[in-house]
Amino acid sequence: WSYDTLTPELQDIFLTLSVFENSFTEDAATALSGIKHTPLLLQNLKDRSLVLLDLVGGTSRYQLLDTIRDYVSQKIDLSQKERLRQRHAAYYYHLVKQSLRHIHGEHQEQWLDRLEMEHGNLRMCLDFLTGTKVGLRMTSALHQFWYVHGHLEEGLYYMEKLMTHCHDATPKMQSSVLNGMGVFAW
């Protein structure tokens with residue numbers, strides 16, 4: 001296969017997909033690309049064996065092979081990569097915020113499982129958001145997920161990392177994260 005044989009639109013979506021860690025949903029790809037007919041483009045890439053499709057926990061998830069993702073990510077210029085990472089972070093921050101409305105209710109298991117499927121993408125976001133209030137809010141929102149799924153060391157790592165590098169956090173944000181750190185360290 002050759003990247004150069006793809007249409008410009010397929011090249012654009014392909015570049016967009018390279019920002020995902022591990023796997024991603026059709027909704028996530030659509031949100032990042034901003035292209036309404038992303039499902040058709042994903043199918044086209046799948047037909048060319050450039051994207052894999054798996055059913056995980058009843059959810060369709062797409063994935064690029066690591067070698068393909070590495071190749072495609074080299075085609076992105078730094079400003080475009082930065083924009084894609086910002087969109088990626090915004091999408092997953094919104095997903096984590098959305099999970100807070102459901103994580104303590106009757107749909108808790110479904111939402112925790114969904115966050116687990118997005119675990120690699122969440123880590124990527126937290127690394128990108130280091131030093132920001134949004135990143136600190138995201139760590140606070142992920143307490144329950146990390147706790148229930150036994151990711152205590154990882155949770156503690158990200159809470160410490162983002163707390164250390166966020167110099168303009170409000171006292172409320174700081175207390176929330178410090179509370180989580182105390183629970184996890186105990």
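The figures here come from the full heavy-atom set of this structure, side chains too, leaving out hydrogens, waters and symmetry mates.
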Show the nearest heavy-atom pair for residues [X] and [Y], with the distance to one decimal.
{"X": "Leu32", "Y": "Arg87", "value": "O-NH1, 2.6 Å"}
{"X": "Phe184", "Y": "Gly155", "value": "CE2-CA, 3.9 Å"}
{"X": "Thr38", "Y": "Ser33", "value": "OG1-OG, 2.8 Å"}
{"X": "Gly135", "Y": "Leu129", "value": "CA-CB, 3.6 Å"}
{"X": "Val72", "Y": "Ser18", "value": "CG1-CB, 3.9 Å"}
{"X": "Ala31", "Y": "Tyr91", "value": "CB-CD1, 3.5 Å"}

Quick check for you: to the nearest 0.5 Å, what is the distance between [X] atom [atom1] and [Y] atom [atom2]?
{"X": "Leu40", "Y": "Gln43", "atom1": "CG", "atom2": "CD", "result": "8.5 Å"}
{"X": "Phe24", "Y": "Asn121", "atom1": "CZ", "atom2": "CG", "result": "9.0 Å"}
{"X": "Gln108", "Y": "Asp113", "atom1": "CD", "atom2": "CG", "result": "10.0 Å"}
{"X": "Leu78", "Y": "Arg83", "atom1": "CG", "atom2": "CZ", "result": "11.0 Å"}
{"X": "Asn44", "Y": "Leu10", "atom1": "CG", "atom2": "CG", "result": "4.5 Å"}
{"X": "Ile68", "Y": "Ser49", "atom1": "CD1", "atom2": "OG", "result": "8.5 Å"}

Open item on the list: For Ile103 and Leu115: C-alpha separation, side-chain torsions, deciding distance, then whether side chain to side chain contact (heavy atoms under 4.5 Å, CB included) applies.
Closed with: CA-CA 10 Å; Ile103 212 159; Leu115 292 176; 4.1 Å; yes
Grouping I, L, V, M, F, W and Y whenever their side-chain heavy atoms are under 4.5 Å apart, do [X] and [Y] come out in a common cluster?
{"X": "Leu100", "Y": "Leu142", "answer": "no"}
{"X": "Leu17", "Y": "Val56", "answer": "no"}
{"X": "Tyr71", "Y": "Leu6", "answer": "yes"}
{"X": "Met124", "Y": "Met117", "answer": "no"}

Side chains of [X] and [Y]: does their closest heavy-atom pair fall under 4.5 Å?
{"X": "Lys75", "Y": "Gln11", "value": "no"}
{"X": "Tyr3", "Y": "Leu15", "value": "yes"}
{"X": "Lys97", "Y": "Tyr93", "value": "yes"}
{"X": "Leu136", "Y": "Met163", "value": "yes"}
{"X": "Val177", "Y": "Leu162", "value": "no"}

For [X], what residues pass the side chain to side chain contact (heavy atoms under 4.5 Å, CB included) criterion, not counting sequence neighbours?
{"X": "Ser60", "result": "Leu53, Leu55"}
{"X": "Glu26", "result": "Thr30, Pro39, Leu42, Tyr62"}
{"X": "Glu9", "result": "Thr7, Ile35, His37, Leu41"}
{"X": "His143", "result": "Ser140, Met159, Ser176"}

TODO: Show your working on side chain to side chain contact (heavy atoms under 4.5 Å, CB included) between Leu64 and Phe20 and close with a plain yes or no.
DONE: CA-CA 9 Å; Leu64 296 177; Phe20 289 103; over 6 Å; no
Open item on the list: Is it the case that the side chains of Gln74 and Asp70 hold a donor-acceptor pair, with the cut-off being a distance below 3.5 Å and no angle test?
Closed with: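 Side chains of Asp70 and Gln74: no pair found under 3.5 Å.
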Task: Donor-acceptor side-chain pairing of Asp77 and Ser79 below 3.5 angstrom - done: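 Result is yes, a qualifying pair exists.
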Counterpart residues, salt bridge (charged side-chain N to carboxylate O under 4.0 Å, His left out), relative to [X] (two or more places apart):
{"X": "Arg137", "value": "none"}
{"X": "Arg123", "value": "Glu154"}
{"X": "Arg114", "value": "none"}
{"X": "Lys161", "value": "Asp127"}

Open item on the list: List the residues meeting ring pair (Phe, Tyr, Trp, His ring centres under 6.0 Å) with Tyr92, not counting sequence neighbours, and say none if there are none.
Closed with: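 Ring pair (Phe, Tyr, Trp, His ring centres under 6.0 Å) check on Tyr92 returns His88.
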- [ ] Scan for ring pair (Phe, Tyr, Trp, His ring centres under 6.0 Å) pairs involving residues 96-116, sequence neighbours excluded, and state none if there are none.
- [x]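 Those involving residues 96-116 are His102-Trp111.
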Task: ring pair (Phe, Tyr, Trp, His ring centres under 6.0 Å) contacts touching residues 146-173 (sequence neighbours left out) - done: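 Sorted result for residues 146-173: His119-His151, Phe145-His149, Phe145-His151.
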- [ ] State whether the side chain of Asn22 and the backbone N or O of Gln63 hold a donor-acceptor pair below 3.5 Å, judged by distance alone.
- [x]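 No, the answer is negative, given that no donor and acceptor are paired below the 3.5 Å cut-off.
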Open item on the list: Using the rule given for side chain to side chain contact (heavy atoms under 4.5 Å, CB included), can you reason through Met138 versus Leu122, listing the C-alpha separation, both sets of side-chain angles and the distance that settles it, and then say yes or no?
Closed with: CA-CA 9 Å; Met138 195 166 173; Leu122 296 174; 3.6 Å; yes
Open item on the list: Show me the pairs that pass salt bridge (charged side-chain N to carboxylate O under 4.0 Å, His left out) and involve residues 53-62, at least two apart or across chains.
Closed with: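 The answer is Arg61-Glu118.
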Open item on the list: Before you tell me yes or no, could you show the steps for Ile76 and Val19 under side chain to side chain contact (heavy atoms under 4.5 Å, CB included), namely the whole-Å CA-CA distance, both residues' side-chain angles and the distance that decides it to 0.1 Å?
Closed with: CA-CA 10 Å; Ile76 303 174; Val19 78; over 6 Å; no
